[in-house]
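Beneath this line is the structure, given in structure tokens, with notes to follow.
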Amino acid sequence: GVYAVGVETCRYGVDFPAEDIWEGRRGVVHVKQMVQYLPPKQRERVERVVSHLVITTPRGAEHLDSAYDLRSYSAAEWSRLVTKAGWRVLGICDGDGNDALRTGRGAVVGGYGVYVLAPGLGKKS
């Protein structure tokens, strides 16, 4: 079989903190989420994600906070991991569905990509 894996590789020392804000409404319920992404340091290889969710209904607002860590990989680290695990990359699309292997985005300079993987050619550990 093949597997499609969405991965955002990091660029140590280049990436900067980022924030996303998502909002939605259905009837009288309004939801707003603010998410902060704190980039990893190469030695630590951990990206910190902090989420603040506000759910507003006619009864009031509820605030929910959470934080978690993500293991980080540069494009080179991700490539080595895929090969070591015994997989090969059939193709990579960027977040807009463009062929990242042809454009040089994704696997080459970091950023988000959907990697289509298949067994073979790598070394199993």
Salt bridge check: are E47 and R71 linked by an N-O gap of less than 4.0 Å? no
Counting C-beta onward and ignoring hydrogens, is there a side-chain heavy-atom pair between L117 and V2 closer than 4.5 Å? no
With hydrophobic residues grouped by side-chain heavy-atom distances under 4.5 Å, do V28 and V54 end up in a single group? no
Can you sort out the partners of Q42 under side-chain hydrogen bond (donor to acceptor under 3.5 Å, both in side chains), two or more places apart, ordered by chain and number? none
Nearest 0.5 Å, please: how far is CD in E19 from CD1 in I21? 4.5 Å
Set of residues satisfying ring pair (Phe, Tyr, Trp, His ring centres under 6.0 Å) with respect to Y3, sequence neighbours excluded: W87
Is it the case that the side chain of T9 and the backbone of S74 share a donor-acceptor pair, with hydrogens and angles ignored and the cut-off at 3.5 Å? no
Side-chain touch Q33/S51, heavy atoms, less than 4.5 angstrom: yes
Looking only at heavy atoms, the pair that brings K41 and Y12 closest together is C-CD2, 4.0 Å
Below 30° counts as parallel, above 60° as perpendicular, anything between as tilted: where do the rings of Y73 and W78 land? perpendicular
Using the side-chain contact (heavy atoms from CB on, under 4.5 Å) criterion, which residues pair with P17? Sequence neighbours excluded. L38, P39
Taking only residues two or more places apart in sequence, or in another chain, which ones meet E23 in a side-chain hydrogen bond (donor to acceptor under 3.5 Å, both in side chains)? H30
Whether the side chain of T83 engages the backbone of S79 through a donor-acceptor N/O pair (distance < 3.5 Å, no angle test) should be reported. yes
Applying side-chain hydrogen bond (donor to acceptor under 3.5 Å, both in side chains), name anything that partners R48, two or more places apart in sequence or on another chain. D69
Common cluster, V50/L53, ILVMFWY with side-chain heavy-atom separation under 4.5 Å: no
Would you confirm whether N98, through its side chain, and D94, through its main-chain N or O, come within 3.5 Å as a donor-acceptor pair? no
Linked hydrophobic residues, Y68 as query - side chain contacts closer than 4.5 Å: V35, Y37, V49, L70
Y112 vs V7, side-chain contact (heavy atoms from CB on, under 4.5 Å): CA-CA, chis, key distance, verdict: CA-CA 6 Å; Y112 182 78; V7 173; over 6 Å; no
Please say yes or no: joined through hydrophobic side-chain contacts below 4.5 Å, possibly via intermediate residues, are M34 and L64 part of one cluster? no
List the steps, then state whether side-chain contact (heavy atoms from CB on, under 4.5 Å) holds for I92 with V116. CA-CA 6 Å; I92 307 168; V116 180; over 6 Å; no
